[in-house]
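Encoded as structure tokens, the structure appears first; notes follow it.
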Amino acid sequence: MRRRLATSMVGGRIAAVDLRRPDLRRPFPRRFVERLTGQMVTALERRAKYLLATLSSEETLLMHLGMSGSFRVIRDQADGRKRRNPPSDPHDHVVFHMATGRAVVFNDPRRFGIMELVPAGRLPRHPVLSKLGPEPLSADFDAAVLALACHRKKTSLKAALMDQRVVAGLGNIYASEALHVAGLSPRRLASSLATISGAPRESAHRLVSAIKRVLEDAIARLAAPGHRGAPFLVYDRAGQRCSRSECDGVIRRRVQAGRSTFFCSVCQH
DNA sequence: ACACGGACCTGAAGGC
DNA sequence: TGCCTTCAGGTCCGTG
């Protein structure tokens with residue numbers, strides 16, 4: 001999503017903002033439209049599940065898609081005229097009209113999304129960012145770090161992977177997917193990744209590799225033009241056969257910490 | 001300090 | 001057809 005939006009926004013100017021309701025989960029920041037209008041977008045970055053658009057005003061637009069949020073880009077019409085009324089539905093809550101003529105539309109039926117404006121200097125200490133664990137695809141995230149973060153936890157492995165302080169950016173789908181690839185049961189204790197002293201066991205190495213592989217694959221697929229809905233290995237596949245070769249198990253669903261977990265009880269231990 | 005359950009919203013799908 | 005319940009990719013807050 002970051003890559004796709006960057007193409008339309010980075011280096012461009014926000015010519016107008018169409019704000020169609022006062023709030024998502026929380027009210028939009030005060031003077032939201034005025035603070036964005038006319039700004040250049042100098043960078044678009046991601047931290048965990050947050051998108052961070054750096055503005056020429058030294059403020060950063062902090063965004064989260066929640067459960068149901070999405071962005072779409074509307075290109076200007078072939079004859080060069082801007083669309084007066086971009087195609088919209090009742091859940092198109094914000095439209096960024098770029099000076100190029102493109103429009104970036106934020107749609108979010110459940111309105112669990114977030115849009116905030118944060119002064120650049122206060123970004124590192126922002127409450128939602130300051131407690132986040134390592135980026136899963138960075139070199140900082142390795143078996144030693146994961147084992148240390150987990151060795152005193154009193155929760156399941158699945159819950160630990162969804163804890164954004166342990167590793168930042170895995171959600172319910174990819175937590176299940178990574179555990180499947182690693183061959184680890186979601187019900188194991190998180191602390192079983194570490195020895196008594198907190199050193200990583202072999203399972204921690206396997207899990208870190210699985211997390212990185214699962215996320216890299218997903219990003220590669222979603223970045224491909226005309227991509228299809230991700231073919232998950234276990235997520236939302238209860239009752240179907242395990243896809244691992246040589247495994248004749250069936251995928252099961254169980255609720256952990258209030259969320260659905262999908263796994264194969266034959267090849268995940 | 002930690003872990004859990006419920007709350008926040010709307011819409012889709014399935015049972016009756 | 002319509003009404004009910006359950007479930008959905010994420011945080012956040014109160015409670016124990």
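Naming convention: chains lettered A, B, ... in sequence-line order (proteins, then strands); numbering from 1 in each chain. Just so you know, these numbers come straight off a predicted model, no measurement behind them.
Taking every side-chain heavy atom of Arg165(A) into account, dC2(B) is the closest of dC2(B), dT11(C), dC9(B).
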Take Ser260(A) and Arg253(A) through the test side chain to side chain donor-acceptor pair (under 3.5 Å) and record every step on the way to the result. CA-CA 6 Å; Ser260(A) 286; Arg253(A) 170 186 181 269; 2.8 Å; yes

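Atom pair Leu161(A):CG and dT11(C):P shows a separation of 14 Å (rounding to whole Å applied). Look at OH on Tyr235(A): it is 6 Å from C1' on dG9(C), rounded to the nearest Å.
Among the atoms of the strands shown, only primed sugar atoms or phosphate atoms (P, OP1, OP2) are found under 4.0 Å from some heavy atom of Ser260(A). The residue Gly171(A) sits close only to the backbone: its heavy atoms come under 4.0 Å of sugar-phosphate atoms, none of a base.
Under 4.0 Å is where a charged nitrogen must lie from a carboxylate oxygen, and between Asp23(A) and Arg25(A) no such pair does. Comment: Asp92(A) engages Arg72(A) in a salt bridge, judged by a side-chain N to carboxylate O separation of less than 4.0 angstrom.
Only the P atoms considered, dC9(B) is 24 Å distant from dC3(C), to the nearest whole Å.
For the residue pair Arg187(A) / Ser156(A), no side-chain donor-acceptor distance below 3.5 Å is found, with atom types taken as modelled.
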I'd like a table of atom pairs between the protein and nucleotides 12-16 of chain C - only N or O on both sides, under 3.5 Å - with the distance next to each one.
unit_1	atom_1	unit_2	atom_2	d
dC12(C)	O4'	Arg25(A)	NH2	3.4
dC13(C)	OP1	Arg26(A)	NH2	3.3

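With hydrogens and angles left out, the side chain of Arg110(A) and the base of dC9(B) share a donor-acceptor pair within 3.5 Å.
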